[in-house]
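The next block holds one structure in the form of structure tokens; read it before the comments.
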Amino acid sequence: MNQEINNSETACKEWLTQIGATYTSFVGYRKYPPDFEATFRGESIAVEVTRMEYNRGWNTERKYAFERQLSELIRQVQNEDKANVRWCSSCVYDPRQERPPKKNDQHWQELVRHALQQKNDGGTYQLIPERQIKGRGVRLRLHRVNGEGAFDGVYIDEGYLVAPTLSKCILAAIERKTEKIQNKPTSCNNHKWWLVLSDELWSPFVGLTGGLPESIIEACETATLNSPWSKVVLLSRHVGPSEQPLPFIPLWEDPAHALLPKLPKSAGQSSA
């Protein structure tokens with residue numbers, strides 16, 4: 001029986017302690033949900049944890065390594081540009097498309113360099129050679145930024161690219177986990193069910209924009225109607241100094257049950 005817990009579950013366990021939950025027990029090694037059982041303000045709770053997946057078709061390590069290469073190349077071209085043009089970028093991956101072989105790196109790097117040197121406001125570029133494209137391949141979106149009103153080194157325009165992806169991933173995770181607990185046996189029929197969406201990308205976005213867009217909150221409220229969840233929470237896996245609490249945002253809370261404690265603004269929670 002494997003009782004080891006992953007990074008998302010470790011963060012969730014720490015967070016449950018942070019908000020004052022007691023009698024927390026990891027039960028994720030079982031073949032049915034939930035991942036944790038605990039007590040929160042007198043209520044028995046069943047907590048299901050899921051890591052939001054921005055691209056299920058790519059190996060995570062390869063995706064991050066690829067995007068690091070891309071970021072370094074963009075930074076290099078920006079440093080060479082005497083006009084000091086700045087760009088923000090995002091990649092859209094078709095789940096059928098695997099990481100292109102290393103031998104093809106020169107192809108996409110030359111394409112990116114050429115795109116960055118164009119005198120325009122950006123666009124969408126296919127990074128996979130035509131003969132190797134599966135589905136829609138890997139598309140690079142470049143968006144020229146002006147930096148007006150932005151923080152030092154960070155540009156407000158980046159929020160425009162993050163929000164739609166974040167919303168899509170949140171709703172997909174809610175749907176996936178709702179189906180799971182409705183279709184699998186569980187020993188927690190009398191518990192209040194919580195869904196914790198573990199992620200490490202939303203916290204910088206919220207810090208940049210000042211909070212989640214209302215459209216995301218409203219979409220989550222609609223997605224939880226007639227669902228088993230009494231709470232849906234967005235939790236950051238990013239663990240900083242031990243004295244700092246983990247940032248979280250309640251996306252949905254049933255007002256008939258005990259509400260989560262407020263987190264200080266300095267810890268990264270929005271006023272959603």
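The analysis underlying the following values was restricted to heavy atoms, covering all of them including side chains, and did not include hydrogens, waters or symmetry mates.
Around CD of Glu175, the count of heavy atoms belonging to other residues, nucleotides or ligands within 6.0 Å does not exceed 12. Atom NE2 of His107 sits in a crowded spot, with more than 12 heavy atoms from other residues, nucleotides or ligands closer than 6.0 Å. Counted within 6.0 Å of NZ on Lys13, heavy atoms from surrounding residues, nucleotides or ligands total 12 or fewer; the atom is thus considered open. Remark: Gln182 CD is packed, more than 12 non-hydrogen atoms of other residues, nucleotides or ligands lying under 6.0 Å away.
Val27 and Phe36 end up in different hydrophobic clusters when Ile, Leu, Val, Met, Phe, Trp and Tyr side chains are linked at under 4.5 Å.
Within the 4.5 Å cutoff, the side chain of Leu235 has no heavy atoms near those of the Leu197 side chain. Side-chain contact between Arg113 and Gln76 is present, with at least one heavy-atom pair separated by less than 4.5 Å. Counting heavy atoms from C-beta on, the side chains of Val233 and Leu195 never come closer than 4.5 Å. No side-chain heavy atom of Leu16 sits under 4.5 Å from any side-chain heavy atom of Phe40. Counting heavy atoms from C-beta on, the side chains of Gln109 and Gln69 come closer than 4.5 Å. Side-chain atoms of Leu111 and Leu127, non-hydrogen and from C-beta on, do get closer than 4.5 Å to each other. Side-chain atoms of Trp15 and Leu260, non-hydrogen and from C-beta on, do get closer than 4.5 Å to each other. Considering only heavy atoms from C-beta on, Pro228 comes within 4.5 Å of Thr178 through its side chain.
The two residues Trp108 and Asp105 come nearest to each other via the heavy atoms NE1-OD1, 3.1 Å. Closest of all the heavy-atom pairs between Ala11 and Leu246 is O-CD1, 3.3 Å. The two residues Asp254 and Leu259 have their closest heavy-atom pair at O-CD2, 4.2 Å. Ala223 and Leu171 get closest at one heavy-atom pair: CB-CD2, 3.9 Å. The two residues Cys220 and Ile170 make their nearest non-hydrogen contact at SG-CG2, 3.4 Å. When all heavy atoms of Val49 and Asp35 are compared, the closest pair comes out as N-OD2, 2.8 Å.
A salt bridge links Arg30 with Glu37: the closest approach of a Lys/Arg side-chain nitrogen to an acidic carboxylate oxygen falls below 4.0 angstrom. No salt bridge links Arg51 with Glu9; every basic N to acidic carboxylate O contact stays at or beyond 4.0 Å. A salt bridge links Lys177 to Glu48: one of the charged nitrogens lies within less than 4.0 Å of a carboxylate oxygen.
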Checklist entry - Would Ile174 and Ser227 satisfy side chain to side chain contact (heavy atoms under 4.5 Å, CB included), going step by step from the backbone distance to the final call? => result CA-CA 9 Å; Ile174 292 174; Ser227 77; 6.0 Å; no
Next on the checklist: Using salt bridge (Lys or Arg N to Asp or Glu O under 4.0 Å), reason through Lys231 and Glu253 one step at a time and then give a plain yes or no.
Outcome noted: CA-CA 4 Å; Lys231 296 188 193 304; Glu253 289 192 90; 2.8 Å; yes
Item to check | Audit row: Glu14, Gln18, side chain to side chain donor-acceptor pair (under 3.5 Å) steps and yes/no | outcome: CA-CA 6 Å; Glu14 178 181 336; Gln18 172 183 310; over 6 Å; no
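Put simply, CH2 on Trp194 and CD on Glu43 are 8.5 Å apart, with the number rounded to the nearest 0.5 Å. Interatomic distance, Tyr125 OH to His114 NE2, rounded to the nearest 0.5 Å: 7.5 Å. Summarising the geometry, atom CZ belonging to Phe248 is positioned 12.0 Å from atom OG belonging to Ser236; distances are rounded to the nearest 0.5 Å. For the atom pair OG of Ser230 and CH2 of Trp193, the computed distance is 10.5 Å after rounding to the nearest 0.5 Å.
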